[in-house]
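Only one structure is covered here, and it is reproduced in the block below.
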There are 2 protein chains.
Amino acid sequence: MSDKVHNQTPLKITMEVIMNISLQSNKCSSCVINSFCLPTELNKEESKKIDQLINQKTKLKKGEYLYKQGDSFNYIFSIRYGSLKTQLFLEDGRSQVIGFHLPGEIVGLDGISYGTHQSEAIALEDTELCVVRFSVLEALCKEINVLQHHVYKMFSREITQDHRHLLTLGSLNGEEKIAYFFVYLSERLSKRGLSPTNFHLAMGREEIGDYLGMKIETVSRILAKLNSTKIIEIRSKELKILNIHELHRLAGSERSKQVATQLLLTRH
Amino acid sequence: MSDKVHNQTPLKITMEVIMNISLQSNKCSSCVINSFCLPTELNKEESKKIDQLINQKTKLKKGEYLYKQGDSFNYIFSIRYGSLKTQLFLEDGRSQVIGFHLPGEIVGLDGISYGTHQSEAIALEDTELCVVRFSVLEALCKEINVLQHHVYKMFSREITQDHRHLLTLGSLNGEEKIAYFFVYLSERLSKRGLSPTNFHLAMGREEIGDYLGMKIETVSRILAKLNSTKIIEIRSKELKILNIHELHRLAGSERSKQVATQLLLTRH
DNA sequence: CGAGCGTTTGAAATCGGTCAACAGCAGTGG
DNA sequence: CCACTGCTGTTGACCGATTTCAAACGCTCG
């Protein structure tokens, strides 16, 4: 029903289709962001094999669903450009944003255990994704050692991130939560070659609140406070971080030391 | 340092050692809880291979560490009996319990991505674990298809559980959190053949609070309230669930897809 | 049996939530 | 191009759930 993967086909020749075809022809081996999705230590033969992985891409417009809770699981997705949020709901409408996902990141991993997606994924802006049939990836992992290990790492990183998020929701106050959010976002953007201090927020205030377990009014007030104390400068969705050090301190300094050193190390 | 895996050795012949040896001789293929750790669809040959996985076990007394944050990662662990908690800390001492782990469950998965454990694991009571060298498991996965798939499912289940935990911390109030906690515990115990309604809590009030993101006093008050409204009967660490239906209702167990689609309709 | 910890209970304080009004902006259609 | 509309975000006043502080209780284990 919301399975965007299958309705890629009916072709009218438009600029968009041409763009799409040209992108389709891109192989992982020549993809500009492959260092985010794939292991870096592949030999030529392995690189060639890996190009079998992607024979489908899909595009979403802002607000469109990639999958919904209960959709059957067959694919995982890697973001080429744009961004997504994943979220869960309670029956009374309360929602919890599980994560915001940037280019190079993988979504859909929560579907494997039950065969159906346990959350839903929605585009925050126009977004393109590589579609990977999980069974194909699984088969390829048996042939390529480093790929198998990479996939385990990918799962493990997801778990580690969720744990940090749990620490944030369970142990930080409002201001600390927002600080954590900006620091975390800043780090991920900077790994992608974007400015760590000046960036555009793809998500709204309410979505930030749903991610951090707080109401929109509280988010708004805390942003106003950080703004007035010159720690950040925020106007609508444009954010400037003026005092990253203070944000780190607020976000729970122990962790930020760790993350800072990780940043230095993981640049390869 | 806290690596219990290696200090299993110095032998005085005591009843405990004899017990231990007899357990050591147990293979996965004949383990009473193997249906929790391992895939069920193994043929004989595969079963035999899998017995290579475990050649080490370890025992922890209440309060002992299995691993600490920063310990190097080599093993994952499967609980034979007893229970563990895993947790993260902030610099100022605030702690977040990530999970409580029961027999048949796997701990240590968060260590893969960075090569060091990102959390710490502590025994809640006397506990025995199977020690699995992760590289051996990885190698075996290449040979046994169902095992590989099982491992992916295991990771995915972990992620799904963390997501539920996030929903709990971010979107439920105190009473709902406690209800969720009991329902979740009840389900897992009942899968292990124990009573879903009468059981012993291995963790203290403070640990429950650290798991749910609330203070011990709040936990205590909510327990008193649930007790007085005859939904549970709790005395020290002995819990009787009197009205499981009401607990389910409080925990928001029906995460309805209907609501999600309603939202879709009203929002767009 | 007493010491000490973990837990319970009460009262006061605080943080975040709720409710309500309004501002800002984007998209729509005249 | 501008007015209208509706959505998102901001701000203020108030309220309530949870935390904080303090004291007492009651297990558990030497």
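Only this structure's heavy atoms are used, side chains among them; waters, hydrogens and symmetry mates stay out. A note on names: the letters A, B, ... follow the listed sequences, proteins ahead of strands, and every chain is numbered from 1.
For residues 195-204 of chain B, there are no salt bridge (Lys or Arg N to Asp or Glu O under 4.0 Å) pairs, not counting sequence neighbours. For residues 215-229 of chain A, the set of pairs meeting the salt bridge (Lys or Arg N to Asp or Glu O under 4.0 Å) definition, not counting sequence neighbours, comprises Glu175(A)-Lys225(A).
Here the C1' atom of nucleotide dC15(C) and the CG atom of Asn173(B) are 16 Å apart, to the nearest Å. Between the C1' atom of dG24(C) and the NZ atom of Lys237(A) lies a distance of 14 Å, rounded to the nearest Å. The distance between atom CD of Glu175(B) and atom C1' of dT18(D), rounded to the nearest whole Å, is 13 Å. Between Leu169(B) atom CG and dT18(D) atom P the separation is 13 Å, expressed in whole Å. Rounded to an integer number of Å, the gap from Ile234(A) CD1 to dG9(D) P is 10 Å. Per the geometry, CG belonging to Asn227(B) stands 15 Å off P belonging to dT7(C), to the nearest Å.
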(message) Walk along nucleotides 25-30 of chain D from 5' to 3' and tag each nucleotide B, S or - by protein heavy-atom contact under 4.0 Å, base first, then sugar-phosphate.
(response) --S---
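Residues forming a side chain to side chain contact (heavy atoms under 4.5 Å, CB included) with Gln87(A) (at least two apart in sequence, or on another chain): Lys85(A), Phe89(A), Ser95(A), Val97(A), Glu120(A), Ile122(A). Taking Gln96(A) as the reference, Ser171(B) meet the side chain to side chain donor-acceptor pair (under 3.5 Å) condition, with sequence neighbours excluded. In this structure, the side chain to side chain donor-acceptor pair (under 3.5 Å) partners of Ser195(B), at least two apart in sequence or on a different chain, are Thr197(B). Glu238(B) pairs by the side chain to side chain donor-acceptor pair (under 3.5 Å) definition with His200(B), not counting sequence neighbours. Residues satisfying the ring-ring contact (aromatic ring centres under 6.0 Å, His included) criterion with Tyr211(B), sequence neighbours excluded, are Phe100(B), His165(B), Phe181(B). In this structure, the side chain to side chain donor-acceptor pair (under 3.5 Å) partners of Arg188(A), at least two apart in sequence or on a different chain, are Glu105(A).
Rounded to 10°, the angle separating the first-five-pair axis and the last-five-pair axis of the helix from dC1(C)-dG30(D) to dG30(C)-dC1(D) equals 40°.
Contacts of residues 199-207 of chain B with DNA chain D (heavy atom under 4.0 Å): none. Listed in residue order, the members of residues 209-222 of chain B having a heavy atom less than 4.0 Å from DNA chain C are Ile216(B), Glu217(B), Ser220(B), Arg221(B).
Taking a 6.0 Å sphere around CD of Glu246(A), one finds it holds more than 12 heavy atoms contributed by other residues, nucleotides or ligands.
Judged by distance alone, with hydrogens and angles left aside, the side-chain atoms of Gln161(B) form no donor-acceptor pair with the main-chain N or O of Glu158(B) at under 3.5 Å. The backbone N or O of Arg164(B) sits less than 3.5 Å from a side-chain atom of Thr168(B), completing a donor-acceptor pair.
Closest heavy-atom contact between Leu169(A) and Gly213(A): CD2-N, 3.8 Å.
With rounding to the nearest 0.5 angstrom, the CG atom of Asn227(A) is 13.5 Å from the CD1 atom of Ile222(A).
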